[in-house]
Structures are given as structure tokens and as C-alpha cells.
Protein chains: 2
Amino acid sequence: MSTAPEGYDPHAFVPFAVTVDLAVFTVREGRLHVLLVERGEAPYRGRWALPGGFVLPRESAEEAARRELAEETGLTRNSVCALHLEQLRTYSDPDRDPRMRVVSVAYAALVPDLPEPRGGGDAARAQWWEAGGTEPLAFDHDRILADAYDRIGARLEYSCLATAFCPAEFTLGELQQVYETVWGVELDRPNFRRKVLTTPGFVQAVDGPPRRTGGRGKPAALYRAGAATALHPPLLRPEGRPEGRTS
Amino acid sequence: MSTAPEGYDPHAFVPFAVTVDLAVFTVREGRLHVLLVERGEAPYRGRWALPGGFVLPRESAEEAARRELAEETGLTRNSVCALHLEQLRTYSDPDRDPRMRVVSVAYAALVPDLPEPRGGGDAARAQWWEAGGTEPLAFDHDRILADAYDRIGARLEYSCLATAFCPAEFTLGELQQVYETVWGVELDRPNFRRKVLTTPGFVQAVDGPPRRTGGRGKPAALYRAGAATALHPPLLRPEGRPEGRTS
DNA sequence: TCTTTAATAGTCACTCTGACTATAAAGAAG
DNA sequence: CTTCTTTATAGTCAGAGTGACTATTAAAGA
């Protein structure tokens, strides 16, 4: 605990390195993508990994995560503040890093549009990868990524954060595609619409003319994210699978 | 990240102490209780705190949590393995411990009956406290405990782990009281019964005669925990408050 | 103009739930 | 040994929410 044992010796504890790992998701062309960086050093040289880095002496893990997020995505610190960032869980297996004892706090981030990644400070290359098609990652990042998928999918059921994947103004069709992409299922359009519109605070209509997408059909009305964060009653996935692993 | 920066210097990172903090809950006489220990040393000497301790060099955070749980409750290592232990989240504010930089992984544990606590190795005293009536705790443990409440309440909605608070064999009335105690509401008995019994795998009937509680009314049938871990559809709280904070 | 595409409107049956009422089986009170 | 009280269990009924559909509207493309 934070509460060190009673008669504790300041040197009784082993020094750990504490890092953050980020699973940064976006929806791109109707498919879920995750941001990975290529490792330029041993171990796992040449393998892809989740972006991340050390927690600095005077910052919290969340601050470290936002700092790394800004570095990897090339966004300004301010715009990173608006992004949805959520602590996933902490990975602490003694052998998860062959070099030393590293405990890592994992975060999931949802970003709306698709800012082309620019290689962050210390990463060789950064690139969006389609979810599911990622080769084996470095360290225990396959596990972290799998946990992140589960969590995001479950969060869509009980929260309104699907809008975090959308730009400031979006159509209900775009919002529906977020659900379909993350869950990998097709949803009935009128039913989805009814659910979203009857949930107070999920979305709020933008007045003004509907946007013409330049695409085919009837132009869709535009909405913004509403004030609600929780979704009640939940919007459950078809085929009723609950929350990935029950952990 | 586990992935240390590329050109990393083994001495570039600050050493952190890593600890675990435990929110151990039980239901006792129809009220929710949490296990606290009294601090015998500065800082926060004499204040109550969540039990916990350092993560040892060769163990994971979860192993450390189970070890501490065994120490504090006096249970054997084996019986501790059967308890429900769930990682909550990690607290990493730079100033959360005045002595040094300590990052703490918080866990919630649910224990069934009420084994009288015996002071663990390094803790002055250990005692069950009724939830809600705890004076200000040491460090940021008030916050951790509040998060733990929220999480447990929300988990009851979507999982079958209410049985973790019950002994091996229990009546539906006892199971209902777990919900009522944790949520602080009253539930309709026939409706609760219907919900539990129609959810496959939530509970399984114990054959043999119903137990006579020695109490008044008609003796109730006994059940064991079923194989299911997730609860679908969920059993939502009345008054529809979702999941505490949305994090 | 006709076809295609997508958004929006509306219907209907089924499930689940909340609020009840009723019955059964025990102990307690008289 | 009734009668009352208490608790478990059975069953009913209406309303909310949802899944599966059909219909209509408004745009682009042939």
C-alpha cells in the first residue's frame, strides 16, 4: 500500500521502474485501428509495441499518459486534454520486461479523426494498424491490447463515449458505424436511431441545414455529443456476450 | 510502457516504490463492512488505513495482494485463493505519500462470512468498520475506498459475484440481502427471486431438505453459486443511477 | 425521368421488469 | 391447539424497451 509497513526501512523496497502503455484507438474507414510504434532497440528490436514511456519523478501516471499521447500523435497538449483517456489496469508480472523490474499502468485512448501519426521522440516509427491484424507485439502488449479491446467494447454498452470516436459534429450513421466497427456486428438503423435519440443527453441536435455528405442518399442531420456520460438503460450488443473476460 | 524508451539509460528512471492497497469487504448483520488497520507509525500515526504493503522483488501485484490478504485476515494461503480479488486501479499522484514516491495498485476483495480480523504482521490493529462511517483515512485511502464502493456496486449489476459475499450454501433471501446492503435499497422479493432463478448459471439448487434457519417463517431452499460469472441481462439498481463515477 | 442509396418515420409482437396478490410453512402468542 | 406473525414461494398484469420489419423522403447518378 501507499501505507508503508510500520517499522519500514527506506531501503527495504526494491526500486521499480513505472511506465505507462497506451492503447490508442480510432475508427478509420469503418475499421478499428490502433496506434503502434516500431522498436528500434533490443529487446524486441523491430517488433511493434504500444506507445508509452516512463513516468517522470513529478508527474502522475495519467499526466505521463497524456504527455506520451501528445508526443505520439503530434497533437498539442491542449487538444490532448479533450481526448478520452481511461486507465485500464496495471501489469506487474516480474518478468514482463527482461531488462529490469517494470510495472506498467495501461491506458486506453479514443481519438476521433485520423491524425496521421508522426514518429514520437523516442520511437522509430509510428503507424495505425487495423485491429486484430497486428502481428505479435513486444513484451506483454498483446495481452494489454486484448484487454483494451474488451474494455472498449464493454464501455460502449454502458456509456456514451462512442462519441469520442467521432468529430465534433457527426451524423447518427457515423455514430452507428462506431458501434458496428468496435463490436464487429451490424445494427438495425431505425432501432439504433430510436435508442440514441430517446436517451436524454446522449446527443444533441445541431440546428441548421443537414449536411450534404457529397455522398448519395438523403442528407443526414448533424449532432454533437451530449452532456450524459452513462447510458441507461444500456445498449447491449446483439448475441448477448457480456464483457469479454469477467476478470 | 514496459517498452522503455529507445536510447534509454538504465539510470534515467527514478526509483518508485510499488505497493498494493486492499479494500476488503464483507456483509455482516445486513451491513457492508470494510477491513481497516490502524497505523502505528508516522505519517498518519493513529489513523486508520487500508491494509496493504510493498510488492516484493519477485512477485506480481496480484500475488502481493493475496499475500497481504492472507496476513490481514488470518486465512490460509489456500482459502485466500478462492476469494474474489479484483484489481481496481492504480494511484500515482506524486504527493500521495509524504515520505517518497509510492505508486499503489488498489484491489477489492470480497469475503463471505466474518472471520474476526487478527492484526497482521506489520499493522497495529485490524478491525471491521461499517461502510460509510469511516473517519478520514490515511493517505488517499478515502478516495480509494470510495472508488472501491462504486466498483463493487456496479459489478453487482453485471456479474454474478454477489455470491462471493455468501457462504458456500445460502438462501435467496441472503443473496438478496447482499444486494440490498451494497446498494442501500430494498428490492422486491418475488422479482429478485425470478431474476436470479431465470438467469442460467447464477445459482444452482442444493437438493435435500430446506434449511431451517431457526428463525421464524417458512424454511428457505438452499443454493450454491453457479458457474456463470456474467449476468445477462443485467440486474440494474432501482433509481437507475449507473456506475458511480464514469471515471 | 428513373433508379439507387441512405435517412427518417412508424408498426407490431415479444421480453423483461415493477408492482402486486395469493398461498404455504414455520415459530410465537394466546 | 388455535390464531397471529413471519418468511418463502407462486402467480398475475400492465408498461417499458427492443428486435424485426415496412414505408416514406430526399438526395446523387444513369
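In the text below, chain A, chain B and the rest are named by the order of the sequence lines, each starting its count at 1.
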Between A:Trp129 and A:Gln127 the two heavy atoms that sit nearest each other are CD1-O, 3.3 Å
Next item on the list: Inspect the contact between A:Arg67 and A:Glu63 and indicate whether a charged nitrogen and a carboxylate oxygen are less than 4.0 angstrom apart.
Entry: no
When you check the phosphate oxygens OP1 and OP2 of D:dG17, does a side-chain N or O of A:Lys195 lie under 4.0 Å from one of them? no
In whole angstroms, the gap separating C1' of C:dC20 from CG of B:Leu187 amounts to 16 Å
Rounded to whole Å, CG of B:Leu175 lies from C1' of D:dA8 at a distance of 15 Å
Of the candidates C:dT4, C:dA19, D:dC21, the side chain of A:Arg216 sits closest to C:dT4
Rounded to whole Å, the NE2-P distance (B:His232 to C:dC16) equals 13 Å
B:Arg189 atom CZ is separated from D:dT9 atom P, nearest whole Å, by 9 Å
A:Leu231 CG to D:dT18 C1', in whole Å, measures 14 Å
### Message
Any non-hydrogen side-chain atom of A:Thr199 less than 4.5 Å from a side-chain atom of A:Lys195?
### Response
yes
Checklist entry - Got B:Leu175 and B:Tyr223 here, is their nearest side-chain heavy-atom distance under 4.5 Å? => result no
Quick note, A:Asp188 side chain, CB onward, closest among C:dA19, D:dC21, C:dT17 is D:dC21
Whole-Å distance, A:Leu235 CG to D:dG17 C1', equals 12 Å
Between B:Leu222 and A:Pro233, whichever has its closest DNA chain D nucleotide further toward 5' is B:Leu222
note: A:Asn191, atom CG; C:dT11, atom P; distance rounded to Å ~ 14 Å
Of D:dC21, C:dC12, C:dA19, the nucleotide closest to the side chain of B:Arg194 is C:dA19
Looking only at D:dA10, C:dA9, D:dA20, the nucleotide nearest the B:Arg193 side chain is D:dA10
Closest of C:dA26, D:dT6, C:dT8 to the B:Pro219 side chain is C:dA26
What orientation do A:Tyr179 and A:Trp183 show, parallel under 30°, tilted 30 to 60°, or perpendicular over 60°?
perpendicular
B:Tyr179 OH to C:dG18 P, in whole Å, measures 13 Å
- When you check the phosphate oxygens OP1 and OP2 of D:dT6, does a side-chain N or O of B:Lys218 lie under 4.0 Å from one of them? no
